[in-house]
*Asks:* 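Structure incoming, see below.
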Amino acid sequence: MLLTKPQLSSSLLASTPLFTPASTPNHAKPIVASHAPRRRLRISATSTAVSPGATALSRVDVLSEALPFIQRFKGKTVVVKYGGAAMKSPELQSSVIRDLVLLSCVGLRPVLVHGGGPEINSWLLRVGVEPQFRNGLRVTDALTMEVVEMVLVGKVNKNLVSLINLAGGTAVGLCGKDARLITARPSPNAAALGFVGEVARVDASVLHPIIASGHIPVIATVAADETGQAYNINADTAAGEIAAAVGAEKLLLLTDVSGILADRNDPGSLVKEIDIAGVRQMVSGGQVAGGMIPKVECCVRALAQGVHTASIIDGRVPHSLLLEILTDEGTGTMITG
């Protein structure tokens, strides 16, 4: 099943406190009709000349219409992979942090898994090491791995914990090494890439009491193998495996793209919802290619292990997490089992 929808305007999103007006132009027709279309949260655009009372009422209406979504996800775990533009922009970073805290406050149980590529590159240059990549993957020698661990675990992770705490949440910073949360193994092309690893297994026992206590785990994707050797793990892959291990209701990948496009050359051909069979058909047909393939594979693997839905959403859109979880219009592509 595959449905297309137009892109949401970032300026329109920015003008709404929590959610946005959502409408589908007449020309955006489904490729295959959905038998269970998403329920749309209808929010009216507010005129610039309105009384304070009317504005307040509009905000209350938004919260009221979000109630069914809050009830649906209350007590459910959602795993968010955080990276890309949403990590580089202070404004978008603030939006993500506030979204996480809000979701936690209304009863959801968010888990944040993060990368930190730009920060790693910056610190490598500071110590005189030129970042190297092969086929889009970081070449990680011993010195680079040491910097990766220091930056991801010691700097980026603790900064995110601090920001969540300042926003009113309670965050707990972890990495894959803690309590053997993630056990790594070398990637098949380790000879070329160095200490770039894969997830051998996840032991989520350390996460369960943290989540049950209403805290927000913040996880850096550095892990060790059976001998104690540290590896840098792809954050998308780690997020998918963690989502499966904790029995998450939803996996969300924040990216620098709007989602899966029916036509890669048409930004307006965003696929709203698709099932695993449809994803595989798009991959085999070449509609999904390049850097989107590992993201899609990560989602499909998570779904196969029991995660109910996985979404690839546009992290460049303010409050994209709230739009994806608390409305049916969303900001990207939702993949279902």
Side-chain angles (χ1 to χ4, degrees), residues 3 5-24 34 36-46 55-82 86 91-113 164 167-169 211 214 216 239 243 246 248-255 258-259 270-273 299 307-336:
L3 300 176
K5 70 174 181 180
Q7 292 177 294
L8 299 179
S9 166
S10 58
S11 61
L12 186 59
L13 290 165
S15 67
T16 307
L18 291 178
F19 314 109
T20 63
S23 61
T24 305
S34 170
R38 292 177 168 187
R39 174 185 177 276
R40 181 174 300 168
L41 180 63
R42 299 184 302 276
I43 305 169
S44 300
T46 304
T55 301
L57 182 59
S58 176
R59 290 174 178 172
V60 169
D61 286 341
V62 169
L63 292 173
S64 178
E65 291 194 37
L67 178 60
F69 302 95
I70 294 172
Q71 291 173 322
R72 182 190 306 171
F73 289 105
K74 183 178 180 181
K76 303 293 179 63
T77 300
V78 294
V79 175
V80 178
K81 182 268 178 174
Y82 175 52
E91 294 78 12
L92 291 175
Q93 185 176 70
S94 175
S95 170
V96 171
I97 297 300
R98 289 174 62 86
D99 286 2
L100 284 170
V101 173
L102 188 151
L103 291 172
S104 178
C105 286
V106 299
L108 281 75
R109 297 176 173 182
V111 175
L112 186 67
V113 179
I164 290 171
I211 295 169
I216 301 173
V246 299
E249 177 75 14
K250 194 168 185 64
L251 167 67
L252 301 106
L253 305 183
L254 285 172
T255 68
S258 55
L270 179 65
V271 175
K272 177 179 179 181
E273 184 173 342
C299 291
V307 177
H308 288 186
T309 64
S311 296
I312 299 172
I313 66 175
D314 194 343
R316 301 166 300 179
V317 176
H319 300 297
S320 55
L321 287 179
L322 298 186
L323 286 164
E324 184 63 25
I325 295 173
L326 300 184
T327 79
D328 271 333
E329 190 65 19
T331 56
T333 300
M334 183 172 77
I335 305 173
T336 60

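Residue numbers count from 1 along this sequence.
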*Asks:* Among T333, L321, I325, T255, find the one that has a side chain to side chain contact (heavy atoms under 4.5 Å, CB included) with I313.
*Replies:* L321

*Asks:* Measure the spacing between CG of D99 and CG of L323 and express it to the nearest 0.5 Å.
*Replies:* 8.0 Å

*Asks:* Counting C-beta onward and ignoring hydrogens, is there a side-chain heavy-atom pair between S320 and D314 closer than 4.5 Å?
*Replies:*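 Answer no - side chains too far apart.
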
*Asks:* Do V96 and Y82 come within less than 4.5 Å of each other through their side chains, counting heavy atoms only?
*Replies:* yes

*Asks:* Is a side-chain N or O of S64 found less than 3.5 angstrom from the main chain of V60, in a donor-acceptor match?
*Replies:* no

*Asks:* Hey, could you give me the CD/OG1 distance between E273 and T336, rounded to the nearest 0.5 Å?
*Replies:*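 Taking CD in E273 and OG1 in T336, the distance rounds to 5.5 Å.
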
*Asks:* Closest heavy-atom contact between A167 and I97?
*Replies:* CB-CG2, 3.8 Å

*Asks:* Do V111 and V80 come close enough that some side-chain heavy atom pair is under 4.5 Å?
*Replies:*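 In short, these two side chains do not touch, never coming nearer than 4.5 Å.
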
*Asks:* Indicate yes or no for a side-chain donor-acceptor contact from S95 to the backbone of H319 under 3.5 Å, with no hydrogens or angles considered.
*Replies:* yes

*Asks:* Check whether any side-chain heavy atom of L254 lies under 4.5 Å from a side-chain heavy atom of I312, and answer yes or no.
*Replies:*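 A side-chain contact is absent here, since even the closest heavy-atom pair is not under 4.5 Å.
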
*Asks:* To check you understand the geometry: which heavy-atom pair defines the closest contact between L253 and C299, and what is its length?
*Replies:*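 What the structure gives for the nearest pair is CD1-SG, 3.8 Å.
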
*Asks:* Does the E324 side chain pair with the main chain of T331, one donor and one acceptor, at a distance under 3.5 Å?
*Replies:*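 Side chain of E324 to backbone of T331, a donor-acceptor pair under 3.5 Å: yes, one is there.
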
*Asks:* Can you name the nearest heavy-atom pair linking L251 to V307, along with the distance?
*Replies:* N-CG1, 4.0 Å

*Asks:* Among R72, K76, R109, find the one that has a salt bridge (charged side-chain N to carboxylate O under 4.0 Å, His left out) with E249.
*Replies:*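 One option only clears the test, and that one is K76.
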
*Asks:* Which pair of non-hydrogen atoms, one from K81 and one from A239, has the smallest distance, and what is that distance?
*Replies:* CB-CB, 3.7 Å

*Asks:* With side chains defined as the heavy atoms from C-beta onward, is the minimum distance between V101 and I164 less than 4.5 Å?
*Replies:* yes

*Asks:* Would you check if V79 and V113 make a side-chain contact, meaning some heavy-atom pair closer than 4.5 Å?
*Replies:*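 Yes; the side chains approach each other to less than 4.5 Å.
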
*Asks:* CG of L326 to CD of E65: how many Å apart, nearest 0.5 Å?
*Replies:* 12.5 Å

*Asks:* For side-chain hydrogen bond (donor to acceptor under 3.5 Å, both in side chains), just list the numbers for S311 and K250, CA-CA rounded to whole Å, side-chain angles, deciding distance to a tenth of an Å, and then say yes or no.
*Replies:* CA-CA 8 Å; S311 296; K250 194 168 185 64; 3.0 Å; yes

